[in-house]
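This is the structure, below, for whatever I ask next.
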Protein chains: 2
Amino acid sequence: MPHSRRHSITVVDIAREAGVSKSTAARVLASRGSASQEARRRVLTAAEKLGYRPNALAKAMASGASMTIAAVIPDIASPYFSAVMRGLIDAARANGFEVLLTNTDNDAAVEERSIEVLAEKRVDGFVIAPVFQEHPRAIERLVAEGSPVVLLDRRTPALGHVPLVSLDHVGASRLAAGHLLDLGHRRVALITEAPARVQTADLIASGADDTALRPSQQRQIGFARAFEERGLVVDDSLVIHAEYSATSASKVFGRALDEGLDFTAVYCTDAVLTYGAFQAVAERGIRLPERFSFVGFDDQNWTTVVSPPITVVDQPTHALGVAATELLLGLIRDHDAVVTDLQLPARLVPRGSTGPRGQ
Amino acid sequence: MPHSRRHSITVVDIAREAGVSKSTAARVLASRGSASQEARRRVLTAAEKLGYRPNALAKAMASGASMTIAAVIPDIASPYFSAVMRGLIDAARANGFEVLLTNTDNDAAVEERSIEVLAEKRVDGFVIAPVFQEHPRAIERLVAEGSPVVLLDRRTPALGHVPLVSLDHVGASRLAAGHLLDLGHRRVALITEAPARVQTADLIASGADDTALRPSQQRQIGFARAFEERGLVVDDSLVIHAEYSATSASKVFGRALDEGLDFTAVYCTDAVLTYGAFQAVAERGIRLPERFSFVGFDDQNWTTVVSPPITVVDQPTHALGVAATELLLGLIRDHDAVVTDLQLPARLVPRGSTGPRGQ
DNA sequence: ATGAAAGCGCTAACAA
DNA sequence: TTGTTAGCGCTTTCAT
């Protein structure tokens, strides 16, 4: 017993016990290469007897594959990301991979450090919901080195060539706005966390590649597209800007309500904003959809327990996680695989909070 | 270039570039042992220049510490576990550890396989919210081998000696029931997912170690304790059993309502049941707390947006995750450390859904 | 302070 | 089919 440290059972021990060479034992244990029935039986018996547990670290070291992927996201505690991660982990496990999970809190420094640490652990690939910044150096380095990387939910301009799996943010908003417009609404307010300086017209004009924009901006574009497609135009005075927090949304939308903003329907472009905006509605005892129609984002569980239940745009969260993983695994299997972006469609769930204008 | 595979930069490359021996380079890179100013400078420069990225796999292999812990939980998509995991991951990172996360879906076979795989990856320890079963073999094996293990939220009878970090389930219910009793309520209904055959009296009588029971049973005990402490006794005809799903809770509680069950307050012992039960309330347009008082479990976000806002028992989720990690890290540092269970207290958040009896 | 050498437990040629 | 021999990139004695 060389060390005082508990000596774990290795291939060598199995080989000795089974009376075969190390390689033979290794071969049958990894079910790779060939071995006689007899050898196989004896090795397996020995392994069973000694309680052999393969060392994945050594395996990874020698083979170059750790069978582990990394997920780098803002916050696992958010309903959205926890649901996506569920899909991601399910898909990973189904393919024999485990996942190292880390939160960035949308902090660029944390993201960089996390990616560095995970790269040191030699994960086989990364799924990243990147922090918005000019130069995500850590990610750029990964890509430069040829590490498999898939972006999730959003893509920064500098990462234009990295594959992205996301919701079709634009389409989601077209769906929501279209629903309201088709109900006859014309004065439709929008609650967004997009920077206030951006005018809807400018956003649309910029055209080109929407996916380089923040999801909130893409959602604003989709909103405008729905108007455009019907020969209408968005009234920027109805675009309400909030910070990314329920408190802010509640305050800002509450103020709009108190000041008598003239609108007959409102669309919230994000889950958190939806929650905040609805708080403002609930606090004031406003009746929907009589006073105005209300469309929220994400099918959060509270939306069906309030009165009336809220019409929402629902994201395929689990599917997003699965898709991101599968895209990544494709890249891991073949680093030069041609991968294309994947935009999953949202689904409109009409409920009681929306109704025809003037009802 | 020996392999066609991209040859990564290793200590040897740094040593060569810096003109020192492999050991010297390794020493300064790991900032362990001693080295001259000059050597240190040259090694660091070389590392910077070549873009050296230490291989944590090799490090783990050689040192025996992977600086990775495993979290084995039922479902990361649940609000409860995702919040706990947030705390767990935060604490792990703060101590230089990363976390491998896996879902069991409360399936014993999945749990066993997951633990096995993670053990093969040589994680330094496990935080496990175990599936309830007679013999969690995988966990028992870990413990037998001396692997650091901390149980989270619940403990099965066979794992009596494994440290546990959980909510003080009993205390949480005493708080909730006490609140209602102190408001003058006497006919207090309980909604639980605990097996119907268990009588409250039997549960209390069993006494001994509550932590070996399922959380739902512990919560039922706490409920009874609150009565007991006031010289009262629980009426088992007001104990409503539901499956562990919102649908079931909604159906079962709805039936109780429709059949005119005689009670003036109700307490739901779990988040999912709370949601389901409230659905039944909302569907029937019942006014709270006039018709009866309602106490829910977990401070879910919908509870403040419905009318009236719901009184709930709130768990310190983030703290639970942090505590579990810290306990585990203590065990990792010293396998023979004496660790004791940790039961974190719940907090009662009184809101509009509860009021004095007969109001 | 520095260097040489022996592992850690596996995979992967290459021989036999 | 089986065995031999190098590694993978680091840590860790043990000398010097």
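The chains referred to below are lettered A, B, ... by the order of the sequence lines, with proteins before strands, and numbering in each begins at 1. Both backbone and side-chain heavy atoms feed into the values below; hydrogens, waters and symmetry mates do not.
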For this session: Could you check how far CE of B:M67 sits from C1' of D:dC10, rounded to whole Å?
Result: 15 Å
For this session: For B:S66 and B:R122, run side-chain hydrogen bond (donor to acceptor under 3.5 Å, both in side chains): C-alpha distance rounded to whole Å, both residues' side-chain angles, the deciding distance at 0.1 Å, then the answer.
Result: CA-CA 7 Å; B:S66 66; B:R122 296 302 190 263; over 6 Å; no
Exercise. Heavy-atom count around A:Q37 CD within 6.0 Å, excluding the residue itself: above 12?
Worked result: no
Exercise. To the nearest Å, how far apart are A:Y52 OH and C:dC10 P?
Worked result: 3 Å
Exercise. Any side-chain heavy atom of B:F81 sitting closer than 4.5 Å to one from B:L152?
Worked result: yes
For this session: State plainly whether the residues A:K121 and B:E98 are in salt-bridge range, i.e. N to O under 4.0 Å.
Result: no
Problem set entry | Comparing B:A30 and A:E38 on DNA chain D - which has the more 5′ nearest nucleotide | A:E38
For this session: Round to the nearest Å and state the distance from A:L57 atom CG to C:dC8 atom C1'.
Result: 9 Å
For this session: To the nearest Å, give me how far apart CD (A:E120) and P (D:dC10) are.
Result: 10 Å
Exercise. Is the distance from OP1 or OP2 of C:dG9 to the nearest side-chain N or O of A:S8 less than 4.0 Å?
Worked result: yes
For this session: For the side chain of A:R32, starting at C-beta, report the closest nucleotide among D:dT11, C:dC10, C:dA12.
Result: C:dA12
For this session: Determine whether A:N103 and B:R86 make a side-chain contact, defined as any pair of heavy atoms from C-beta on separated by less than 4.5 Å.
Result: yes
For this session: Provide, to the nearest angstrom, the distance between the CG atom belonging to A:N55 and the C1' atom belonging to D:dC10.
Result: 14 Å
Anything under 3.5 Å between a protein N or O and an N or O of nucleotides 2-4 of chain C, put it in a table, one pair a line.
from: C:dT2; atom 1: OP1; to: B:S36; atom 2: OG; distance (Å): 2.8
from: C:dT2; atom 1: OP2; to: B:S36; atom 2: N; distance (Å): 2.5
from: C:dT2; atom 1: OP2; to: B:S36; atom 2: OG; distance (Å): 3.3
from: C:dG3; atom 1: OP2; to: B:S21; atom 2: N; distance (Å): 2.8
from: C:dG3; atom 1: OP2; to: B:S21; atom 2: OG; distance (Å): 2.9
from: C:dG3; atom 1: OP2; to: B:T24; atom 2: OG1; distance (Å): 2.6
from: C:dG3; atom 1: O5'; to: B:S21; atom 2: OG; distance (Å): 3.3
from: C:dG3; atom 1: N7; to: B:R27; atom 2: NH2; distance (Å): 2.6
from: C:dA4; atom 1: N7; to: B:S23; atom 2: OG; distance (Å): 2.9
from: C:dA4; atom 1: N6; to: B:S23; atom 2: OG; distance (Å): 3.3

Problem set entry | Test salt bridge (charged side-chain N to carboxylate O under 4.0 Å, His left out) applied to B:R53 and A:E145, step by step | CA-CA 12 Å; B:R53 176 135 64 194; A:E145 290 171 340; 2.3 Å; yes
Exercise. Whole-Å distance between C:dC10 P and A:I9 CD1?
Worked result: 10 Å
For this session: Quickly work out the A:M61 CE to C:dA12 C1' distance and round it to whole Å.
Result: 14 Å
